[in-house]
Protein chains: 2
Amino acid sequence: MAQSLIKTYPKKATLFAAGDAAGALPKLLSGAVILYTILPDGRRQVLDLAGPGDFLHFETEGEIDHFAEALTECQVASFQASELLASKDTAAFLIEQMRERLAMERRHITMLSRKSASERLMDFVLLAADCLGEDEGRFDLPLTRQQIADFTGLTLETVSRTFAKWQRDNTLTRLAGQTYQMSGALAA
Amino acid sequence: MAQSLIKTYPKKATLFAAGDAAGALPKLLSGAVILYTILPDGRRQVLDLAGPGDFLHFETEGEIDHFAEALTECQVASFQASELLASKDTAAFLIEQMRERLAMERRHITMLSRKSASERLMDFVLLAADCLGEDEGRFDLPLTRQQIADFTGLTLETVSRTFAKWQRDNTLTRLAGQTYQMSGALAA
DNA sequence: CGCAGGATTGATATTACTCAACCGTGGTGG
DNA sequence: CCACCACGGTTGAGTAATATCAATCCTGCG
């Protein structure tokens, strides 16, 4: 696939902001990225976590409508939309990527719509382990309680209390500062 | 754009079900359709309402992952994915449609994540008026309270109470069975 | 007329939010 | 080097919003 260039960003770097002009489509090669919007009232809504292989937005023209921030050091390749569309294969690939993202957002909707606080957080932890996990259910969580709350639609206090409860009953163990280990049953 | 055929469905018809084999991509020409999934526990999650111009799914192969039911009589045109991808213009059009759907789902996420019951229902009513509206804020609402609850992440009782409150304070007027009229300020 | 399905309304329970105090850690400057 | 500060995290008490449970009301239809 024709790719214009590969960029590397340090942890916490802003890859792009809402309002930036859309250009090439960025695809994450390594690392993890958080995607979010800022609402009129100033609050943040975390839309998604992206892992290797995920496109970070699909805007081919106009302005990008959300922010992307590196959770870890990461590499991003950019592809010209016009080139991706030129070939039937790459166009089909792009559609498939968008379909997956759409399915992801729909799971997010389902989570927010009906689940309790601890169910939402469990969904989040499993997603985080998928995007950020090293192995065997061990993963780093370079997100603030507020960011987790903004993903799950809860308050940071509820997030904190739920994590505390899990540590008490050994569902989740804190190995180091931000490194957690899921209990065996969940890691599967 | 090459289109294979146009089908007409009566109100309440199931256009397709989750698990159906994906084939051509269905685009709604007229009418309104509700898209939903059924969760493992049997509960329904309404994902979206679709109006004229919207594609009802984007699965090019494998199985469709959600249900589509006609809210009104409607016409659907089907397009072969392979044909859409063949031309750069139609491929770009398809991508644009998917982008809009993605933006829609993200608004839905924001709504579920942070808004109160009445704010969610107001969002829903405005969307419904957009998909189903006739003119001047008058629209038909061929959805049960349960379906509205399954879209907004509320219970049917909360939906009922909120609508009742709006009728009391003239935010919304019930003209006939399922026909409502928004107050002037909102219709704008 | 009676029934069935959806809608409404009321009383109560529960969950998560709010407000507020306090803790821990990493960084900075005296 | 140590004190202090800033920022994120934790914990507690009380509250508010919405869910739950349950009774009753329509409305269309056989």
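Letters A, B, ... mirror the listed sequences (proteins, then strands); counts begin at 1. Since the structure is predicted, the reported quantities are computational estimates derived from the model, not experimental observations.
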Rounded to whole Å, please give me the gap between [atom1] in [X] and [atom2] in [N].
| X | N | atom1 | atom2 | value |
| --- | --- | --- | --- | --- |
| B:K115 | D:dA17 | NZ | P | 18 Å |
| B:Q178 | C:dT8 | CD | P | 11 Å |
| A:D150 | D:dG8 | CG | P | 13 Å |
| B:L172 | C:dT8 | CG | P | 11 Å |
| B:L121 | D:dA19 | CG | P | 10 Å |
| A:K165 | D:dT10 | NZ | C1' | 16 Å |
| A:L156 | D:dC7 | CG | P | 15 Å |
| A:R168 | D:dT11 | CZ | P | 7 Å |

Is any side-chain N of the basic residue among [X] and [Y] closer than 4.0 Å to the acidic one's carboxylate O?
| X | Y | answer |
| --- | --- | --- |
| A:K12 | A:E69 | no |
| B:D123 | B:R107 | no |
| A:D41 | B:R114 | no |

For this session: Using atom types as modelled and distance alone, determine if a side-chain donor or acceptor of A:T72 lies under 3.5 Å from a backbone N or O of A:A32.
Result: yes
Exercise. Hey, is the main chain of B:G177 close enough, under 3.5 Å, to the side chain of B:R174 for a donor-acceptor pair?
Worked result: yes
For this session: Measure from NZ or CZ of A:R44 to the centre of the six-membered ring of A:F151, then state whether that distance is under 6.0 Å and the direction lies within 45° of the axis.
Result: no
Exercise. Hey, is NZ on B:K165 packed in by over 12 heavy atoms from elsewhere, all under 6.0 Å?
Worked result: yes
Between the protein and nucleotides 19-25 of chain C, which nitrogen or oxygen pairs are less than 3.5 angstrom apart?
residue : atom : partner : partner atom : Å
C:dC19  : N4   : A:E157  : OE2          : 3.0

For this session: Have a look at B:R174 and say if it touches a base, only the backbone sugar-phosphate, or nothing, with a 4.0 Å heavy-atom cut-off.
Result: sugar-phosphate
Exercise. Base, sugar-phosphate, or nothing: which does A:L154 touch, judged by heavy atoms less than 4.0 Å apart?
Worked result: sugar-phosphate
For this session: Just compare C:dA16, C:dT8, D:dT18 and give me whichever is closest to any side-chain atom of A:S116.
Result: C:dA16
For this session: Output the single nucleotide from D:dG8, D:dT20, C:dT8 whose closest atom is nearest the side chain of B:T155.
Result: D:dT20
Problem set entry | nucleotides 24-30 of chain D: protein proximity per nucleotide (B base, S sugar-phosphate only, - neither; heavy atom, under 4.0 Å) | -------
Exercise. If you measure only the distance, is there a donor-acceptor pair under 3.5 Å linking the side chains of B:Q45 and B:T37?
Worked result: no
For this session: Over 60° means perpendicular and under 30° means parallel, so classify the ring planes of A:H57 and A:H66, tilted if in between.
Result: perpendicular
Exercise. Of A:A164 and B:T158, whose nearest nucleotide on DNA chain D comes first from the 5' end?
Worked result: A:A164
